[in-house]
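Please read the structure below before turning to the comments.
Just so you know, ligand 1 is whichever comes first in the structure, and atom 1 is the first atom listed for that ligand.
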Amino acid sequence: MTARILLASTLLAATPALADVNVYSHRQPELVEPLFNAFTAQTGIAVNVAFVDKGLVERLVAEGSRSPADLVMTVDIARLNQVVEAGVTQAVEDAALLATIPPAFRDPNNQWFGLTTRARIVYASKERVADGEVTTYEDLTDPKWQGRICTRSFTSDYNVALTAAYLAHHGEEATRAWLEGVKANLAKKPEGNDRSQVKSIWAGECDISLGNTYYMGQMMADPEQIEWANSVRITFPTFEGDGTHMNISGVAMTKAAPNKAEALKLLEFLVSPEAQEIYAETNHEFPVREGVKRSDLVASWGEFAPDSLGLVDVAALRPAALKLIEEVNFDG
Ligand code: FE
């Protein structure tokens with residue numbers, strides 16, 4: 001059996017009498033289909049997926065209690081938080097989820113749950129950056145990095161989350177100074193995505209860039225980008241006295257959830273060892289469940305200490321972080 005893929009507009013009409021689970025996914029089809037196929041094989045419950053690229057929150061709000069969606073899957077704490085703040089989710093009290101997902105990666109009110117984690121790390125030129133030269137996020141303001149840093153826009157979700165974590169650790173004045181210091185060290189204006197920064201390192205335009213870990217896996221699977229990937233190594237900076245900034249992909253149950261019992265089964269499946277291993281292999285993310293094997297590529301990056309900050313605190317400081325980023329005109 002395969003997960004049925006339907007356009008969102010046909011989802012309602014196509015839902016048969018047998019209880020399927022309906023998912024609105026912001027995640028790419030190729031990432032979630034293997035998971036849903038395994039779930040269907042194991043339980044006989046079909047999963048209908050609507051891939052919603054833009055306007056996920058607006059759609060759920062418009063549909064209200066008549067929404068066919070049971071679950072919402074997306075990446076980044078900011079987007080999960082947006083869904084919750086729109087009032088279209090419900091709390092899920094489930095012993096298996098609580099026992100499996102570390103507290104830092106789930107909502108204390110059980111409105112959202114992390115399924116995988118990713119680290120926001122530094123890609124460093126193998127040729128021009130020595131082993132051990134990248135140390136902390138704080139150190140990115142050191143004059144030794146002048147003209148050597150590339151990054152995507154700092155108003156992008158991943159960098160806002162990193163800045164919110166900085167704010168949680170160090171407070172407003174230090175964070176403003178950090179943003180100004182990193183900006184002063186940029187090789188060029190922020191543009192493009194995480195992978196295009198690695199391309200810039202490969203092209204000699206800069207020596208280090210901020211990026212998420214799984215993009216290494218994506219670049220290595222692409223015939224053009226593998227060269228970029230091979231020009232860098234992954235280094236795990238930490239916050240001084242703490243660990244490496246983490247973000248998540250995650251899931252929330254909608255308030256409407258017409259097929260709640262089946263949706264709960266899918267939620268529990270997503271944190272099972274089987275599903276967590278599929279996740280780890282397909283997108284080179286870190287399983288949220290402890291003891292699940294990382295992909296060979298991910299394991300090759302070595303061990304690191306994740307930051308201890310809970311993502312709920314990162315979410316709370318997001319507006320303040322964005323304000324600081326705009327005040328220093330980081331991208332300007
Ligand atoms: Fe991404």
Side-chain angles (χ1 to χ4, degrees), residues 23-35 49 51-57 72-83 105 112-123 137 150-165 190-202 208-222 224-226 228-229 232 234-237 244-252 270 276 278-288 294-295 297-298 301 304 306-307 311 314-315 318 321-322 325 330-331:
V23 178
Y24 282 2
S25 175
H26 190 264
R27 303 220 74 187
Q28 299 299 313
E30 58 271 24
L31 296 184
V32 291
E33 276 163 12
L35 292 162
V49 196
F51 294 101
V52 185
D53 189 26
K54 295 241 155 68
L56 187 64
V57 174
V72 180
M73 293 174 77
T74 187
V75 294
D76 198 275
I77 179 59
R79 286 179 221 167
L80 281 166
N81 207 49
Q82 267 172 13
V83 182
F105 301 131
W112 55 260
F113 298 90
L115 296 173
T116 59
T117 69
R118 55 276 296 281
R120 192 137 187 86
I121 52 86
V122 166
Y123 288 105
Y137 297 107
C150 279
T151 180
R152 78 194 300 167
S153 165
F154 246 61
T155 64
S156 72
D157 284 335
Y158 302 149
N159 283 336
V160 176
L162 175 65
T163 306
E191 59 172 358
N193 57 25
D194 278 357
R195 275 172 288 181
S196 43
Q197 315 312 316
V198 178
K199 183 184 185 185
S200 295
I201 294 174
W202 167 78
I208 59 173
S209 72
L210 285 164
N212 287 352
T213 37
Y214 56 88
Y215 287 120
M216 181 62 111
Q218 294 185 8
M219 288 186 290
M220 291 187 71
D222 182 298
E224 186 198 347
Q225 298 175 6
I226 189 166
W228 314 346
V232 296
I234 283 185
T235 63
F236 291 94
T244 299
H245 174 63
M246 306 298 287
N247 211 317
I248 52 173
S249 81
V251 63
L270 290 173
Q276 289 282 299
I278 295 172
Y279 256 132
E281 288 294 331
T282 45
N283 197 34
H284 301 292
E285 293 175 88
F286 301 102
V288 82
R294 297 175 181 182
S295 78
L297 174 69
V298 173
W301 303 331
F304 66 98
D307 196 39
L311 284 182
V314 171
R318 189 187 141 81
L322 187 58
I325 291 163
F330 191 97
D331 291 350

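- Across Q225 and Q218, no two heavy atoms sit closer than the pair OE1-O, 4.3 Å.
- Under 2.8 Å from the Fe ion (ligand 1) lies an N/O/S atom of Y214, whether from backbone or side chain.
- At a cut-off of 2.8 Å, N212 does not coordinate the Fe ion (ligand 1) through any N, O or S atom.
- Using bins of under 30°, 30° to 60° and over 60° for the plane-to-plane angle, the ring pair F236/F304 lands in the parallel bin.
- Angle OH(Y215) to the Fe ion (ligand 1) to OH(Y158), rounded to 10°: 120°.
- Using bins of under 30°, 30° to 60° and over 60° for the plane-to-plane angle, the ring pair W301/F286 lands in the perpendicular bin.
- For the pair D194 and R120, the salt-bridge criterion is met [side-chain N within less than 4.0 Å of a carboxylate O].
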